[in-house]
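As a basis for the values below, the full set of heavy atoms in this structure was taken, side chains included, without hydrogen atoms, waters or symmetry mates. Count residues from 1 along the sequence.
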Amino acid sequence: MLIGIDGGGTKTALVLTTDDGHILSKYTGEATNPADIGVEECAIRLEKQLDALLKNFGGREIEIRSIYA
């Protein structure tokens, strides 16, 4: 599986796909621009958003081949 992340100053969009591009899950959450909120807060928000994206697929225990951010 693959994860794509588009983080910015107003929102963050995440998508989980199969290797051939079939979308399994989407999530939109809070902004994650570290220049605005700091690196520590950015990491906290991304962790929560990834948990939400993956919750129906085994959470962080699933095998992810690649993450594009």
Side-chain angles (χ1 to χ4, degrees):
M1 288 192 230
L2 308 171
I3 295 176
I5 303 171
D6 180 10
T10 58
K11 67 177 170 45
T12 300
L14 300 92
V15 64
L16 175 68
T17 72
T18 60
D19 287 349
D20 63 357
H22 177 77
I23 295 173
L24 300 173
S25 181
K26 293 181 182 180
Y27 183 82
T28 302
E30 295 179 284
T32 54
N33 184 338
D36 293 336
I37 61 172
V39 173
E40 186 174 324
E41 181 63 21
C42 176
I44 290 168
R45 290 182 184 189
L46 282 172
E47 186 174 325
K48 289 178 184 177
Q49 292 175 28
L50 284 167
D51 286 343
L53 179 74
L54 301 173
K55 73 178 179 180
N56 294 325
F57 298 91
R60 287 190 244 163
E61 300 300 316
I62 66 169
E63 183 177 333
I64 301 296
R65 192 167 66 86
S66 190
I67 297 177
Y68 299 90

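Note that CG of D6 and NZ of K11 are 6.5 Å apart. Values are rounded to the nearest 0.5 Å.
Every residue two or more places apart in sequence or in another chain that forms a side-chain hydrogen bond (donor to acceptor under 3.5 Å, both in side chains) with D20 is listed here: T18. Every salt bridge (Lys or Arg N to Asp or Glu O under 4.0 Å) that D19 has, sequence neighbours left out, goes to R65. Annotation: side chain to side chain contact (heavy atoms under 4.5 Å, CB included) contacts of K48 (sequence neighbours excluded): I44. Shown here are the side chain to side chain contact (heavy atoms under 4.5 Å, CB included) partners of S66, two or more places apart in sequence or in another chain: L2, Y68. Shown here are the side-chain hydrogen bond (donor to acceptor under 3.5 Å, both in side chains) partners of E47, two or more places apart in sequence or in another chain: R60.
Annotation for L53: hydrophobic cluster partners, listed by chain and number, are M1, I3, I5, L14, L16, L24, Y27, L46, L50, L54, F57, I62, I64, I67 (ILVMFWY side-chain heavy atoms under 4.5 Å, direct or chained). Apart from V15 itself, the hydrophobic cluster it occupies contains I23, where clustering links Ile, Leu, Val, Met, Phe, Trp and Tyr at side-chain heavy-atom distances under 4.5 Å.
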Anything under 3.5 Å between a donor and an acceptor, one on a side chain of residues 30-40, the other on a protein residue two or more places apart or in another chain? List them.
residue : atom : partner : partner atom : Å
T32     : OG1  : T12     : OG1          : 2.7
N33     : OD1  : A35     : N            : 2.9

